[in-house]
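Sequence lines set the chain letters: A, B, ... in the order given, protein chains first and strands last, and positions in each chain run from 1. Remember, it's a predicted structure, so these values are computed and weren't measured experimentally.
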Amino acid sequence: MPELPEVETTRRGIAPWLDGSEIRHVKVHDARLRWPVPTQISALRNLPVKAVARRAKYLLIHTEQGTLLIHLGMSGSLRVCDASTPRRKHDHVEFFLSNDNILRLHDPRRFGCVLWDTDDGAEHPLLSQLGPEPLGEDFHADYLKQALKGRKAAVKNLIMNNHIVVGVGNIYAAEALYRAGIRPGRAGARVSLSECVVLVSAIKEVLGTAIRQGGTTLRDFVNSDGQPGYFAQSLNVYGRSGEPCHHCDGIIKSKTIGQRASCYCPQCQR
DNA sequence: CTAAATACCTGATGGC
DNA sequence: TGCCATCAGGTATTTA
């Protein structure tokens with residue numbers, strides 16, 4: 001389940017194999033992803049790669065002719081293989097590189113996507129409306145306070161809303177709210193400015209730590225399983241329903257908020 | 001405009 | 001051993 005740290009770790013893992021290389025051609029084995037892979041993509045030839053970037057959870061492979069947009073959805077992963085490695089079930093798209101490696105998109109649940117933009121992707125409808133990057137300077141307490149103003153929806157849903165801030169998935173939303181001492185179900189409008197200060201730094205901390213730890217698993221991209229992996233980061237609430245809180249004598253509770261399991265400590269979070 | 005519900009999909013898991 | 005039901009989860013889209 002790629003969250004932002006996994007996507008960033010993936011970007012760092014594949015970039016060395018793509019930078020300075022060319023995508024010779026693309027082979028689509030199963031076009032049935034979140035959106036059908038455009039037939040246009042199968043016709044692409046000899047694309048010199050300029051850079052591998054990321055916006056929210058989208059990977060952007062900038063080339064001389066345009067940009068490939070790749071999303072890993074829930075179950076997607078990218079691996080760099082050589083031709084001797086057999087293609088696995090659910091390896092839906094292959095990018096053949098001029099250095100004889102193959103970048104393979106593996107996605108059992110097919111929630112991911114591979115799209116093409118003739119420009120740099122910034123104007124693409126999927127990217128143009130996104131909120132700030134959580135680790136960027138323009139995601140700060142004043143901004144968040146303003147974004148939550150007048151909102152009755154649960155603060156957890158709001159920080160998972162891509163128009164407000166990108167890249168915060170279910171796991172890290174729960175963990176950040178725990179660190180900030182805020183209950184996930186509280187209305188956005190009822191989060192004070194000083195709580196926004198704490199919440200913003202909690203989000204940055206949780207995501208930043210996970211990305212730093214992801215860096216240690218980079219080698220896994222080229223051999224073995226290709227899983228961006230499990231970050232050593234210990235989880236305080238996610239998946240710990242019924243277990244004791246790490247910081248008080250309370251028991252972690254789980255509640256469904258916006259169709260999603262949300263774990264929190266009733267004592268530490270108010 | 002906001003908020004909530006819906007859709008997409010397969011693998012893992014638990015009950016019978 | 002097999003089968004069904006349930007759950008998980010990102011996010012665009014639809015509905016209220």
Side-chain angles (χ1 to χ4, degrees), chain A residues 1-11 28-38 54-60 69-78 88-93 105-115 117 121 123-134 144-177 184-191 203 206-207 210 225-231 235 237-242 254-263:
Chain A
M1 50 186 126
E3 294 239 17
L4 187 89
E6 284 91 338
V7 178
E8 177 59 20
T9 300
T10 296
R11 186 191 70 76
V28 178
H29 297 279
D30 192 341
R32 299 172 303 161
L33 300 185
R34 172 77 198 259
W35 295 281
V37 179
R54 177 187 62 73
R55 174 73 174 105
K57 293 179 185 171
Y58 292 90
L59 287 165
L60 308 180
L69 304 189
I70 301 176
H71 197 289
L72 300 177
M74 301 258 334
S75 58
S77 61
L78 285 166
R88 297 175 299 171
K89 189 180 180 185
H90 305 305
D91 279 348
H92 303 312
V93 181
L105 173 70
H106 181 82
D107 188 2
R109 291 178 211 181
R110 309 208 313 270
F111 274 20
C113 66
V114 177
L115 299 171
D117 187 272
E123 309 296 318
H124 193 282
L126 288 173
L127 301 185
S128 62
Q129 307 281 38
L130 295 173
E133 288 288 324
L144 182 62
K145 177 64 183 163
Q146 185 62 29
L148 299 184
K149 190 176 176 180
R151 305 288 297 252
K152 292 178 183 169
V155 58
K156 171 158 177 277
N157 290 345
L158 294 168
I159 61 176
M160 290 175 68
N161 180 335
N162 274 341
H163 299 289
I164 293 177
V165 59
V166 302
V168 182
N170 202 35
I171 298 174
Y172 294 109
E175 293 299 318
L177 286 164
R186 195 188 322 165
R190 311 196 61 133
V191 178
I203 290 171
V206 166
L207 291 174
D225 60 2
Q227 293 299 317
Y230 303 98
F231 298 111
L235 299 175
V237 285
Y238 180 81
R240 297 196 63 244
S241 178
S254 178
K255 191 181 166 194
T256 299
I257 297 173
Q259 323 276 88
R260 245 341 46 113
S262 304
C263 299

Counterpart residues, side-chain hydrogen bond (donor to acceptor under 3.5 Å, both in side chains), relative to A/Asn161 (two or more places apart):
none
What nucleotide among B/dT10, C/dA12, C/dG10 has an atom nearest to a side-chain atom of A/His90?
B/dT10
Consider only side-chain N and O atoms of A/Asn170 and A/Lys156, and report whether a donor and an acceptor are under 3.5 Å apart.
yes
Rounded to whole Å, the OH-P distance (A/Tyr58 to C/dT11) equals 6 Å
Nearest-0.5 Å distance, CD of residue A/Glu6 to CG of residue A/Leu78:
13.0 Å
Residue met sooner reading DNA chain C from 5', once A/Lys57 and A/Ala261 are mapped to nucleotides:
A/Ala261
Heavy-atom donor-acceptor pair, A/Glu8 side chain to A/Pro5 backbone, under 3.5 Å
no
Over its full length, what angle do the end axes of the helix from B/dT2-C/dA16 to B/dC16-C/dG2 make, each axis taken from five pairs and the result rounded to 10 degrees?
50°
Are A/Arg32 and A/His92 close enough that some pair of their side-chain heavy atoms sits under 4.5 Å apart?
no
Side-chain N or O of A/His71 less than 4.0 angstrom from OP1 or OP2 on C/dT11?
yes
Are A/Arg88 and A/Asp91 within salt-bridge range, i.e. N to O under 4.0 Å?
yes
Pairs under 3.5 angstrom, nitrogen or oxygen only, protein versus nucleotides 12-15 of chain B, please.
none

Quick one, give me the B/S/- string for nucleotides 2-8 of chain B, reading 5' to 3', where B means a protein heavy atom under 4.0 Å from the base and S means that only happens at the primed atoms, P, OP1 or OP2.
SS-SB-B
Return the set of residues passing side-chain hydrogen bond (donor to acceptor under 3.5 Å, both in side chains) with A/Arg151 (not counting sequence neighbours), or none when no residue passes.
none
Apply side chain to side chain contact (heavy atoms under 4.5 Å, CB included) to A/Trp35 and A/Leu115, showing your working.
CA-CA 8 Å; A/Trp35 295 281; A/Leu115 299 171; 4.2 Å; yes
Using a 4.5 Å cut-off on heavy atoms from C-beta on, say whether the side chain of A/Glu133 contacts that of A/Val166.
yes
Restricting to nitrogen or oxygen on both sides, can you table the protein-nucleotides 2-7 of chain C pairs closer than 3.5 Å?
none

Give me the atom names and distance for the closest heavy-atom approach of A/Ile203 to A/Pro134.
CG2-CB, 4.1 Å
